[in-house]
Amino acid sequence: MSAADPGPGAGELIDIRLDLPGGRRTTITVGPGALALADGEPVAALVADARALALHGQRLPTAWRERTLELPPGEEAKTWAGLGELLESLAEAGLERGCRLGLFGGGATGDVGGLAAALYLRGVPFVSCPTTLLAQVDASVGGKTAVNLPRAKNLVGAFHQPQRVLADTLVLATLPRDELASGLGEVVKTALIAGPQLLARVEALAPALLEGDPDALALVVADCVRTKARVVAEDEREAGRRAVLNLGHTFGHAIEAVAGYGIVPHGVCVAVGLGCATDLAARCGTLEDLALPERLARLLRSLGLPAGLAQLRSARDLTLHPAELRRAMDGDKKRSGGRLRFVLPRAAGAIDHGVAVDEADLSVVLAD
Ligand code: GLY
C-alpha cells in the first residue's frame, strides 16, 4: 500500500451481508484467501472459465473440481447457444433438483452460469467465485444473470441470487492490464454512486490500484461490494433505484456493440460512458457539481482509462461513428414509453435515473 493508509483490517477477510425480501440473504466474503472457505460450501458441479481454472483452479477444494464444466473465454460463453450447451451438460451429468453449482470466472462466467442455475430444473442454488476485478466489484453481486443477443447485450436473463460469494482478491494478481482497467471502470462508477468519501478514497489509491496493489484492491473491492449491496437491498429487481448501477452503461453498451463485443473491455466502455453521462448532464443543465467533469476525467486518466469518446477512438483506432452509436442505443433495455432513459450524475452520491434527454444534446455528446 503506497498511496493511503489501508486502515484496520487490511489483509483480513470481510463479510458483507446482502439482505433480500423474503428472508433471503447472500453473504459476500472479500479478501485474500477467501477461496479457502469453499471447503465449507460443497457443490455438485463447477462451471468455470478455462483460463481462470488453469491459473487458480488449485485454490479450489479437490471436491469442487471432481465434475468441472469448462466455458469458452469471456463473451464467447454468453450466447444463446453457449447457454444451451451448458444446460445440456448439466443434464448429462445427471444433476438433480437442489444440487448446488459453483461458478469460477469473470463476469461472463457469472452471467451465463447464473442464468443456467436459474433455468436448470426451474432453478438450482449456486456459489459464485468471481476471478476478475469487474466481477468482484459488480457482476457477482445482486443476482443479475444474462446472455447476449446479436442486437444487444444482456437482453435475455433472470434475477437469481447466489447463496454465497467468495471474492478472493489474491486471484487478481494475474489479471491482464486490460482486465484490471476494465474493473477499475466499474470501481469509478461505484464510487460516483457511493459519494464523495469513496470517490476521494479511489482518487487517493489510484496509483496503487493501477499497480495492482493487493491491499488497495481488497479495500476498494469491499467498499464497492458494500455500496452495491446497499442499492440492491433497496431494490432487488430494478423497479427504480437499482437503475443507478447502470450509470455509464447506455453509452458503454453502445460502444461495445459498435466496436464489436470483446474488442474493448466492458469496464473500459463504462469508463467512457461515465464521461459521456457527465457531459450529457452538463448539457441538460442537471449537473450540480460543475467541477465533476474535470475531476472525473483526471481520475480516469490516472487509472489508465480513456476519459471520453475522442480519447477512446484515438487510443484504439476505432471510428465509433456517432450515428452508429445512436442506433445501437435503441437496443438498450432502459427504454420506456418508446424513449431512451439515461442515468445521469448531479454530483458524486447524487445520481438521477429514468432521465429523458434532448436528441440534440445527445448528438453533441456522441460526436465529441
Ligand atoms: N450491473 C448493474 C446491476 O447489477 O444492477
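All values below were derived from every heavy atom in this structure, side-chain atoms included, with hydrogens, water molecules and symmetry-related copies excluded.
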Asks: For R346 and T286, indicate whether the former's side chain and the latter's backbone hold a donor-acceptor pair under 3.5 Å.
Replies: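 Here the side-chain-to-backbone pair does not exist.
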Asks: With a 4.5 Å cut-off on side-chain heavy atoms, are E85 and L69 touching?
Replies: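 No. Closest side-chain heavy atoms not under 4.5 Å.
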Asks: Could you tell me if the side chain of D49 sits less than 4.5 Å from the side chain of T131, heavy atoms only?
Replies: no
Asks: Is a donor from one side chain sitting under 3.5 angstrom from an acceptor on the other, for D111 and T145?
Replies: no
Asks: Do I263 and R316 come within less than 4.5 Å of each other through their side chains, counting heavy atoms only?
Replies: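 They are not in side-chain contact.
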Asks: Does a donor on one side chain sit under 3.5 Å from an acceptor on the other, for R341 and T250?
Replies: no
Asks: Side-chain polar contacts of residues 273-284 - donor-acceptor pairs under 3.5 angstrom, sequence neighbours left out - could you list them?
Replies:
residue, atom, partner, partner atom, Å
T278, OG1, L274, O, 2.7
D279, OD1, R283, NE, 3.2

Asks: Do the side-chain N and O atoms of E75 and H266 include a donor-acceptor pair separated by under 3.5 angstrom?
Replies: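 No, because no side-chain N or O of E75 sits under 3.5 Å from a partner of the opposite role on H266.
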Asks: Check this for me: Q197, atom CD, are more than 12 non-hydrogen atoms of other residues, nucleotides or ligands nearer than 6.0 Å?
Replies: no
Asks: Can you pull the salt bridge (Lys or Arg N to Asp or Glu O under 4.0 Å) pairs that have at least one residue in residues 96-109, sequence neighbours excluded?
Replies: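 Applying salt bridge (Lys or Arg N to Asp or Glu O under 4.0 Å) to every pair that reaches into residues 96-109, excluding sequence neighbours, yields E41-R100.
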Asks: Would you check if E203 and V188 make a side-chain contact, meaning some heavy-atom pair closer than 4.5 Å?
Replies: no
Asks: Check whether the side chains of E186 and H249 place a donor and an acceptor atom closer than 3.5 Å, and report yes or no.
Replies: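 Yes, a side-chain donor-acceptor pair sits under 3.5 Å.
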Asks: Filter on ring pair (Phe, Tyr, Trp, His ring centres under 6.0 Å), then keep only pairs touching residues 139-175, sequence neighbours left out; what's left?
Replies: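 Checked against ring pair (Phe, Tyr, Trp, His ring centres under 6.0 Å) - neighbours excluded - the pairs reaching residues 139-175 are F126-H160.
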Asks: Look only at the side chain of Q161 and the backbone of G142, and say whether a donor-acceptor pair between them is shorter than 3.5 Å.
Replies: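 Yes, Q161 side chain to G142 backbone: donor-acceptor pair under 3.5 Å.
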Asks: Please determine whether a side-chain nitrogen of the Lys or Arg among E294 and R301 lies less than 4.0 Å from a carboxylate oxygen of the Asp or Glu.
Replies: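 Result for this pair is yes, salt bridge flagged.
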Asks: Side chains of T174 and H56: is there a donor and an acceptor less than 3.5 Å apart?
Replies: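 There is such a pair between these side chains.
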Asks: If you define the side chain from C-beta out and look only at heavy atoms, does anything of V43 sit under 4.5 Å from R67?
Replies: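 The answer is no, as the side chains (C-beta and beyond) never meet within the 4.5 Å cut-off.
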Asks: Is the shortest heavy-atom distance from the side chain of P345 to the side chain of L192 under 4.5 Å?
Replies: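 No, side chains not in contact.
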Asks: Does R25 reach the main-chain N or O of D19 with its side chain, forming a donor-acceptor pair under 3.5 Å?
Replies: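 No.
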Asks: For residues R295 and L199, determine if any side-chain heavy atom of one lies less than 4.5 Å from a side-chain heavy atom of the other.
Replies: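 A side-chain contact under 4.5 Å exists here.
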Asks: Please identify which of these residues, L37, T169, L166, meets the side-chain contact (heavy atoms from CB on, under 4.5 Å) condition with L13.
Replies: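 So, applying the side-chain contact (heavy atoms from CB on, under 4.5 Å) to L13 and each of L37, T169, L166, only L37 qualifies.
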